[in-house]
Amino acid sequence: MTEKILVILKENKDFISGEKIAKLLNVSRAAVWKNISKLKNMGYNIISVTNKGYLLVENNFLFNKLEIEKELNTFVLGKNIYFFEEINSTNDYAKKLINSNIEIEEGTLIVADCQTSGKGRLDRKWESNKGDGIFLSLILKPDIELFSIMQVTLLAGICVCKAINSITGLNAKIKWPNDIIINNKKVCGILTEVNAQIDKVSYIILGIGINVNNQKFDVALGDKATSIFLETNKNIERQKIIANLLKEFENNYFKYIKEKDFSIFLDEYKSLCININQVCKLIYHKKEIIGKVIDISPLGEIIFETENEILKIVSGEVSLRSINGNYI
Ligand code: ADP
């Protein structure tokens, strides 16, 4: 009911009485009052005036479960949402859900406004300050082989780029395998974790962190990181990006699950990937190899040419760095 009252308040540009809301929803005035208090506690600025009723002062930047639900136009992804103002890590919460006795549906979405121990790959820290970013995890249950998880991650990279680019007009690109880059700086990281039996996947946890309204970053990140705000000078409603991303990903993910073939997305991935033809350093099992990325294979591996050989490398504990060791 809280959501329905919110919709009514948003639609009414003038005061609306509790009695009228109660009639519209066929509930008691006490129930209206209780839910208005709930909305106020969630941060909504609702003015109450005796004999006039309630008026919502719009603030597009409130970020909560209701605002996300209102934007979503997906069928499966985000049907169940767990929202937290603060959490250690949305991926860790997803793992907790999977290991609980609750039946977890495909597309369950965990979103937080802040993470206290956001992670990148290899347990590296992901800066996750309150109010600035998108921190989400999607729980997927694809019927695919373990090897193919990488392809789901690559697909998510394509969708993050498309969502950012369509909403902001920016030109986000992919650094293989799945860092999203704007003007040579990292705007998003994707961390996929898996729960598998033998070589079949039971669950994939697709964790996505996007820097949206950050005005600055920890000095330790130097100039490796950027945000949509830093690139456009505009604050963006995070729920809009989430909705666009989930819609894009839903279309492509189910196409992928049906065809079980990444090659249908290969041209698009390659057109977004910054590494092709790049001479760079590949860091692989603590070894560093200099070479050139000559292509991406239909399976999503990079094809890396060194002085003596051509290597095909699957993502995992691999990083690409520029020759001088910089991030790009
Ligand atoms: P890599 O960029 O080496 O592939 P990961 O994908 O594991 O690494 O991401 C973690 C790294 O990303 C951290 O070591 C840090 O350098 C960087 N990082 C941490 N938080 C952010 C952030 N909010 N935005 C951009 N980069 C970040």
Side-chain angles (χ1 to χ4, degrees), residues 86-92 111-137 149-150 152-154 156-157 160-161 164 168 170 172-194 204-232 236 238 241-242 245 272-275 278 280-289 293 296 300-302 304 313-328:
E86 186 178 294
I87 199 168
N88 52 358
S89 133
T90 57
N91 267 27
D92 285 350
V111 185
D113 190 28
C114 165
Q115 292 185 119
T116 50
S117 39
K119 287 178 301 176
R121 294 183 303 161
L122 308 172
D123 266 340
R124 293 173 188 137
K125 179 174 177 257
W126 185 259
E127 195 176 313
S128 310
N129 295 339
K130 185 169 174 55
D132 291 335
I134 290 173
F135 314 108
L136 68 80
S137 298
I149 296 164
M150 165 181 80
V152 176
T153 316
L154 300 185
V160 172
C161 274
I164 292 179
T168 63
L170 287 165
K173 297 265 188 186
I174 304 170
K175 175 174 174 283
W176 185 91
N178 50 24
D179 285 345
I180 309 304
I181 307 298
I182 301 175
N183 290 328
N184 289 338
K185 293 178 185 172
K186 186 159 163 179
V187 71
C188 162
I190 303 176
L191 174 68
T192 311
E193 297 185 274
V194 68
I204 290 182
I205 300 168
L206 185 67
I208 300 180
I210 308 178
N211 302 326
V212 183
N213 294 324
N214 314 55
Q215 303 204 357
K216 57 179 175 29
F217 290 94
D218 197 294
V219 277
L221 280 177
D223 56 5
K224 180 178 174 183
T226 191
S227 70
I228 292 175
F229 174 83
L230 290 173
E231 298 296 326
T232 58
I236 307 266
R238 287 171 284 172
I241 299 179
I242 294 178
L245 167 61
L272 290 166
C273 180
I274 58 165
N275 304 98
Q278 199 183 51
C280 55
K281 201 189 275 179
L282 182 93
I283 307 171
Y284 184 48
H285 292 303
K286 297 197 174 137
K287 276 193 296 190
E288 294 191 354
I289 318 170
V293 177
I296 308 285
E301 307 135 313
I302 47 163
F304 195 72
I313 295 171
V314 184
S315 79
E317 299 189 7
V318 189
S319 301
L320 294 176
R321 293 282 181 269
S322 78
I323 299 275
N324 58 18
N326 287 340
Y327 175 58
I328 287 179

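Note that these values count all heavy atoms, side chains included, but never hydrogens, waters or copies made by symmetry. First listed ligand is number 1; within each ligand, the first listed atom is number 1.
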Show me which atoms of ligand 1 lie under 4.0 Å from any heavy atom of D179. 1 (P), 2 (O), 4 (O), 6 (O)
For ligand 1, is there an atom lying under 4.0 Å from some heavy atom of Q115? no
The one among K185, R124, K175 that brings a heavy atom closest to atom 8 (O) of ligand 1: R124
Residue and atom name of the nearest protein heavy atom (relative to atom 25 (C) of ligand 1), distance in Å to one decimal: A225 CB, 3.4 Å
Can you measure from CG (L320) to OH (Y284) and round to the nearest 0.5 angstrom? 12.0 Å
Output the list of atoms in ligand 1 that are nearer than 4.0 Å to some heavy atom of R321, sorted by atom number. 1 (P), 3 (O)
How about I180 and I174: do any of their side-chain heavy atoms sit closer than 4.5 Å? yes
Give a yes or no answer on whether the side chain of D113 reaches the backbone of G131 with a donor-acceptor pair at less than 3.5 Å. yes
Nearest protein heavy-atom contact for atom 27 (C) of ligand 1: which residue, which atom, what distance? W126 CZ3, 3.4 Å
Students should be able to answer this: which protein heavy-atom is nearest to atom 9 (O) of ligand 1, and at what distance? K186 NZ, 3.0 Å
Where F217 and L230 come nearest, the two heavy atoms and their spacing: CE1-CD1, 3.8 Å
Are there over 12 heavy-atom neighbours, none belonging to K224, within less than 6.0 Å of that residue's NZ? yes
Matching residue for K173 among N275, D179, I274 - test: side chain to side chain contact (heavy atoms under 4.5 Å, CB included): I274
Kindly give the heavy-atom pair with the smallest separation between T226 and N211, and that separation in Å. O-ND2, 2.9 Å
How far is atom 17 (C) of ligand 1 from the closest protein heavy atom, and which atom is that? L221 CD2, 3.6 Å
Do any nitrogen or oxygen atoms of E127 lie less than 3.5 angstrom from nitrogen or oxygen atoms of ligand 1? yes
Can you tell which part of V187 has a heavy atom less than 4.0 Å from ligand 1: side chain, backbone, both or neither? neither
Show the atoms of ligand 1 that are less than 4.0 angstrom away from any heavy atom in K125. 13 (C), 19 (C), 20 (N)
Atom 16 (O) of ligand 1 sits nearest the protein heavy atom K224 NZ, 2.8 Å
Specify side chain, backbone, both or neither for N211, according to which of its non-hydrogen atoms lie closer than 4.0 Å to ligand 1. side chain
Under a 4.5 Å cut-off applied to non-hydrogen side-chain atoms, are I328 and Q278 in contact? yes
What atoms of ligand 1 come within less than 4.0 Å of a heavy atom belonging to Y327? 2 (O)
Give the contacting part of R121 toward ligand 1: side chain, backbone, both or neither, where contact means a heavy-atom distance below 4.0 Å. both
Checking side-chain polar atoms at under 3.5 Å, does N91 have a donor or acceptor matched by the opposite partner on S137? yes
Where does K119 meet ligand 1, judged by heavy-atom distances below 4.0 Å: at the side chain, the backbone, both, or neither? neither
Residues which pass salt bridge (Lys or Arg N to Asp or Glu O under 4.0 Å) with E231, listed by chain and number, not counting sequence neighbours: none
